[in-house]
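A quick write-up on the structure given underneath.
It should be emphasised that the depicted structure is a prediction, and the values quoted were computed from it without experimental measurement.
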Amino acid sequence: MATIDVKKDGKGNVTGYRFRACVGRDEKGKQIWRTLSVDRPEGLTPAKEKKEVERQADAWEQSEKEKYERTQEKQDKSKITLSAFIDEHWQKDHVLDGSHTPSSISFYQYMAEDIKSYFGDKKRLNQIDAETVKRYIRYLNTEARLKVNDYKEIPVSVMQDDEGATLTWKAEKDALSYQIWRKGRRGKKFEKIASTKELTYRDEKTGNYNYQVKARFERPGEEPYSKTTVIRHYQTFRNVLNYALRFGYLKEDPCKYLSVKDKPKKENKTVDFLPPAEAKRYIACLDQEPFYWNCLQNVLITTGLRRGECVGLQWGDIDKDKLTMTIKRNVTVDKTSELGYHVGKTKTGEERTVPISNRLYEMLERLKAEREDKLSVKDENGNVITAVNILPHGYIFCRDGDCYQPIYPTEVTRWTAKFVKRHNLQNVSPHDLRHTAATLALESGADLRQVQELLGHRDPTTTMQFYAGVSEEGLRRANQGIENLIVAK
């Protein structure tokens, strides 16, 4: 919508209005603006005058946009390179449109750098045809290698200014980030004091230290891409092409000419899960652990929640009467945030409700009571002076001392890895516990639709993979059921 600025004379009287609107972007992605000054309408009340000015602004903006579209040369879009389109259009207007989580943005940006690296800065977008895409897929399957980190020390010098010492160094062209190490007085070892992408670092001291600066690079390693990595690169590339197609930068989709065998294929992975006997042993070992983690792991293995969904649970999500919990949010790591995490919608963007057992409900109630008791103010004899009642928006699995801050999802993974090692259990991750919940539900008699609802899968074909995880005993029972139906006794 056009912005409307009021024009006044020297005495402060309104004399007219100024309209300003963006009508499009040029080939470099820069916004193109139009402006118009109009006189103040006469003989209208303030309310009617406001409506009339807004009507004029809307009509003028629409007219200017249509005029720009008619006069804009079609060759502008045909000249843009793939790299420029990714940076100036796809990332700005699609990736950064506010609908993606920080982790998704980081993923897209990382993939985009690989795509630009392969195609270079001169490849025009409209030059990409089916053969070009096929060659790119072949490169991903045969030549591409996973990147590894490499560090290189950079010479440093310390300079003085009016505000204190400033550490500066010569930037390496391809460096992704820098680590600053400072050697303490009296010959102490170097200690890491900062990580940054900037080219300067201000020290609080006066420069009486020795410094080391290391730049981080990424270089191709020895390991080729897995089939999953190839698919993710291809899907990101398709995302770029589809966006270009939608907005007229491409006349047709070059990928439509690829045959089935040309496109990347998924790996037929066996789903890792705990069979019933191992699941029982897993639960039994949890009784030897802190009650907080006992509760969290029981939620994972009995409800099939994703790691971030479990961390995002709040006390208000529990329904005591119906014995259910509503999955409303997902917590992901966000290194760009001061908090270090991002709370967003679930992976599918939809809420779902899953049942919980009486046992799990009682465990969660006990956890809440213990946490409220811990946060309450007590006298020297242990008597409660000020009781604390955690509000519904408090997180179930919160940080120690702050019930309104969730723990990091990565903490769940780290704790699980140490737990299975301590008790010599089958090596599983939090996501494997989600697979376990699905498999146990299938073996207990649930159908595919019910498991789909439990896991929150949008596509039933995603749920189908869990049939591969049904144990041999479960398959034997299924086979016996068929036998009983068709063989007369």
CD (Gln212) and CD (Glu191) are apart, to the nearest 0.5 Å, by 12.0 Å
Lys347 atom NZ, over 12 foreign heavy atoms within 6.0 Å: no
Could you tell me whether the side chain of Arg329 and the main chain of Gly312 form a donor-acceptor pair under 3.5 Å? yes
From Lys152 atom NZ to Tyr178 atom OH, the distance as rounded to the nearest 0.5 Å: 11.0 Å
Taking the six-membered ring for Trp, are the ring centroids of His233 and Tyr225 within less than 6.0 Å of each other? yes
Asp9 atom CG: more than 12 heavy-atom contacts under 6.0 Å: yes
Look at the rings of Tyr408 and Tyr341 and say which category their plane angle falls in: under 30° parallel, 30 to 60° tilted, over 60° perpendicular. perpendicular
Would Asp432 and Ser429 count as having a side-chain donor-acceptor pair, cut-off 3.5 Å? yes
Taking Arg434 as the fixed residue, which of Leu455, Leu300, Thr303, Leu305 is the one that meets the side chain to side chain contact (heavy atoms under 4.5 Å, CB included) rule? Leu455
Determine, for Asp317 against Lys328, whether the closest basic-nitrogen to carboxylate-oxygen distance falls under 4.0 angstrom. yes
With a 4.0 Å cut-off, would you call Glu309 and Arg352 a salt bridge? yes
Distance check, rounded to the nearest 0.5 Å: Lys368 atom NZ versus Cys403 atom SG? 10.0 Å
Could you walk me through whether Glu52 and Arg55 satisfy the salt bridge (Lys or Arg N to Asp or Glu O under 4.0 Å) test, starting with their C-alpha distance in whole Å, then the side-chain angles of each, then the deciding distance to 0.1 Å, before giving a yes or no? CA-CA 5 Å; Glu52 174 59 17; Arg55 185 195 66 76; 2.8 Å; yes
Looking only at the side chains, is there a donor atom on one of Ser177 and Arg216 sitting less than 3.5 Å from an acceptor on the other? yes
Parallel, tilted or perpendicular for Phe247 and Tyr243, by the 30°/60° rule? tilted
Count the heavy atoms belonging to other residues, nucleotides or ligands that lie under 6.0 Å from NZ of Lys116, then report whether that count exceeds 12. yes
Between Tyr118 and Glu143, does any side-chain donor sit less than 3.5 Å from a side-chain acceptor? no
Side-chain contact test, heavy atoms from C-beta onward, threshold under 4.5 Å: evaluate it for Gln109 versus Leu96 and give yes or no. yes
Side-chain ion pair, Glu54 and Lys51, N-O less than 4.0 Å: no
Nearest 0.5 Å, what's the CZ-CD distance between Phe19 and Glu61? 10.5 Å
Any sub-3.5 Å donor-acceptor pair from Tyr292's side-chain atoms to Cys398's backbone N or O? yes
Would you mind checking if Arg135 and Glu131 are paired as a salt bridge, meaning a charged N to carboxylate O distance below 4.0 Å? yes
Are any non-hydrogen side-chain atoms of Ile407 and Tyr395 less than 4.5 angstrom apart? no
Lys123 atom NZ, neighbour heavy-atom count above 12 within 6.0 Å: yes
In terms of ring plane angle, is the pair Trp90 and His94 parallel, tilted or perpendicular, where the classes change at 30° and 60°? tilted
Side-chain heavy-atom pair Val53, Val38 within 4.5 angstrom cut-off: no
Would you sort out whether Tyr234 and Val133 count as a side-chain contact (heavy atoms from CB on, under 4.5 Å), showing the intermediate values? CA-CA 9 Å; Tyr234 174 68; Val133 178; 4.1 Å; yes
Greater than 12 external heavy atoms within 6.0 Å of Glu222's CD: no
I'd like to check Tyr17 versus Gln56 (side-chain heavy atoms, cut-off strictly below 4.5 Å). Are they in contact? no
Candidates Glu66, Lys65, Glu64 - the one meeting side chain to side chain donor-acceptor pair (under 3.5 Å) with Gln62: Glu66
Taking atom CG of Asp39 as the centre, report whether more than 12 heavy atoms of other residues, nucleotides or ligands fall under 6.0 Å from it. no
Counting C-beta onward and ignoring hydrogens, is there a side-chain heavy-atom pair between Thr132 and Pro254 closer than 4.5 Å? no
Please say whether more than 12 non-hydrogen atoms of neighbouring residues, nucleotides or ligands are located less than 6.0 Å from NZ in Lys50. no
Can Thr101 and Ser103 be counted as having a side-chain donor-acceptor contact under 3.5 angstrom? yes
As a quick check of understanding, evaluate side chain to side chain donor-acceptor pair (under 3.5 Å) for Asn239 and Thr236, giving each step before the final call. CA-CA 5 Å; Asn239 193 303; Thr236 304; over 6 Å; no
Is NZ or CZ of Arg124 both nearer than 6.0 Å to the six-membered ring centre of Phe119 and within 45° of the ring axis? no
For the residue pair Val354 and Ile327, establish whether any side-chain heavy-atom pair is separated by less than 4.5 Å. yes
